[in-house]
Number of protein chains: 2
Amino acid sequence: MAASTLTEVARLAGVSPATASRVLNGSARKPGKDIADRVRQAADSLGYIPNAQAQGLAKSSSGLIGLIVHDIADPYFAAIARGVQEAAREQRKMVLLATTEGAPADEKEAVAAFAARRADSIVIAGSRSSRSEDQEGNADLAAELDRYCRNGGQVGVVGHPVVGATAADGYHVLPVPNEELAASLAVELAASLDDDFVIIGGPEGLFTSDDRIRGFQRGLGKAGRPAAEVLRSAFNRSGGYEAGLALAAGIKASRSEDGGTAAGSSKRICIFAVNDVMAIGAAAALRSEGLRIPRDASIAGFDDIETLRDFRPALSTVHLPLEEIGRLATRSASGAGPGAGTGDDGPPSAITGKVTLRRSTETAA
Amino acid sequence: MAASTLTEVARLAGVSPATASRVLNGSARKPGKDIADRVRQAADSLGYIPNAQAQGLAKSSSGLIGLIVHDIADPYFAAIARGVQEAAREQRKMVLLATTEGAPADEKEAVAAFAARRADSIVIAGSRSSRSEDQEGNADLAAELDRYCRNGGQVGVVGHPVVGATAADGYHVLPVPNEELAASLAVELAASLDDDFVIIGGPEGLFTSDDRIRGFQRGLGKAGRPAAEVLRSAFNRSGGYEAGLALAAGIKASRSEDGGTAAGSSKRICIFAVNDVMAIGAAAALRSEGLRIPRDASIAGFDDIETLRDFRPALSTVHLPLEEIGRLATRSASGAGPGAGTGDDGPPSAITGKVTLRRSTETAA
DNA sequence: CTGTTAGCGCATTCAG
DNA sequence: CTGAATGCGCTAACAG
């Protein structure tokens, strides 16, 4: 038994399909009140559900928003996804999810799939990359996006533009002040701590990571501190853990150099991990090596992931309004259609974050 | 400039649309190698992307899987979503996301929306509820699901069947042994701890919560312990926090009764929170009241949320293969079509969890 | 093996 | 204000 169609509803109501369509969906013209009721009644007596595919075909617009993330189980993306979902709901649209592990080739596939479904807009949340291994994928992705935009699609990208994407109509970037915020974090940290700074970053070429590293170094410079050493590892918890292990070894080594008992003589280090999840991993590594925070090392992250806020010692970090980022990116990809003229998308709706110092970077006391 | 169509490709290749369709999509019959190449070349010279809406209309199947969760930012659902996504990828389908905050009325809307999009299957991940305020919503949801199934849709539900749903063809439930596992947890805890047990549960009527409470009590009974008192609050972090606050007050009160200095004379309590997120909230509350875990109270959760594993003291819990749950629920809603006969969906593919005791429930030492 | 014909379910011209 | 006709882009029966 197939779902009932508009035609069936019309027949039952004794009207034409056109009329039925007009009453059941918001048409410009309002049919007569009496006949409208008949149609509506017939509709739900049959349990009529409009076929969105057919509607989409006829109107060429699908009510779909495509969302691309690296990993939906990563709390960073999950939070953004929630914002996207909210915005979608406001627009009475549904969100189509694609996860790509950050591979531009997969992202290109996702864009093509969204285009095939005639998604009204696409939101790309994952960090852009300029790594050489991603060159080709990036080019393909850029081309696919370009085509999508040329066909009237809207895209909203969080953070940085896709590498190589021509600033087409309908292509919007929501800037995130990663660099500025990281600089502020460095300045605040430098003001209260005497520690030597070390950075745990993601792979070189990951924009989000690179921005935060650059900003942090700049802030350090502004505070009259030397640039920090940078350890590179995976942009996730285990990357943080590995780097943390290496740092722990270093801390222990420098201590024994200072002579066994003079435990306080070597300077404490302050670790800046470019995101909270890496910071937590690093903290776990230090702990597993018998080191304590903030006694033996201080540590700060970035993002202010909600689920991690109960972690002890409380993690110093930079708060980012993740949910709002998702919302804004989605809205930016829904505004004026192509040919709006000025190329300006109304108020830039800038994202603002906030340095949030907590126990993990207190002085050793 | 609209996207190019199959007809355009066909014209450019000098063949009929039917032939073009046959080569570009997997048809049973294979066109001649020479002509196939011409079509393929024409296709990507035009940047042809098939219109999934039109395909769906013609084939009446959309390649879409609908996923319903309470909140995508909740790590429990995020983990399941990842599993669903994986399974979807295996089937070369995309996932449509709907979040409902657990309201059956919204879930009904979501099902209708999925039905409108002709989703091939629907996965419902959120806990079922039998609360009176959800009665009406449940009935509507059940009716909507029933209709969806009758029209050939497949649905997979995690945990418990939707209240009132008639076991239609295409309706599959993936059981999660919440009760058994909670019982095992109680037994293991009772074996190593002398504590008095207290349970922090979600609102009465939430199946997942109720199952875990019931199981825990049963385990307690089996171990010769009296039933635990049950505190009810919201099924999330703040619910846990509030309940934790109440418990902290109780702990302090009973201590002062025992006389100020005899801090060890009143028995320690062991808190079982029905999920990890609530447990973390409760732990935070205790801590904020100056209590320490496991010294002043022990605590255990349920789910073994990955992001929470670095929490200290490490949380005792019951490990659940969340990702696999998502995968299996998705697969169960993709197997044999309607009319398969036996009503049996092959191997029950049972979910198994594992009691995982960690520091938060060690003896006070 | 290919081309032609006919819908899939709906929105939207047009005519009445 | 209503009904009949046309087409969205594609697939699946037919015919050649």
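A, B, ... follow the sequence lines: proteins, then strands. Residue 1 opens every chain. None of the values given here were measured: they were computed from a predicted structure.
- A donor-acceptor contact under 3.5 angstrom links the side chains of A:Gln91 and A:Ser334, judged on distance only.
- The phosphate of C:dG3 has OP1 or OP2 within less than 4.0 Å of a side-chain N or O from B:Ser16.
- Closest to the side chain of B:Thr19, out of C:dT2, D:dC10, C:dT12, is C:dT2.
- One finds a salt bridge joining B:Asp146 and B:Arg150 here, because a Lys/Arg side-chain nitrogen approaches an Asp/Glu carboxylate oxygen to under 4.0 Å.
- If you check distances only, the side chain of A:Arg118 never reaches the base of D:dG9 with a donor-acceptor pair under 3.5 Å.
- Between C:dG9 and A:Thr7, no contact under 4.0 Å exists linking OP1 or OP2 to a side-chain N or O.
- Bending across the helix from C:dC1-D:dG16 to C:dG16-D:dC1, expressed as the angle between its end axes from five pairs apiece, amounts to 40° (10° rounding).
- Checking the phosphate oxygens (OP1, OP2) of D:dC8, no side-chain nitrogen or oxygen of A:Ser60 falls inside 4.0 Å.
- The residues B:Arg89 and A:Asp106 are annotated as salt-bridged, a charged nitrogen and a carboxylate oxygen being separated by less than 4.0 angstrom.
- Within residues 47-58 of chain B, the residues having any heavy atom under 4.0 Å from DNA chain C are, by residue number, B:Leu57, B:Ala58.
- For B:Tyr48, there are no ring pair (Phe, Tyr, Trp, His ring centres under 6.0 Å) partners at least two apart in sequence or on another chain.
- The nucleotide whose nearest atom lies closest to any side-chain atom of B:Ala18 is, among C:dG3, C:dA11, D:dA4, C:dG3.
- Using a 30° and 60° split on the angle between ring planes, A:His160 and A:Phe207 fall in the perpendicular class, above 60°.
- Dense packing is recorded around CD of A:Glu133, with more than 12 heavy atoms of other residues, nucleotides or ligands lying under 6.0 Å away.
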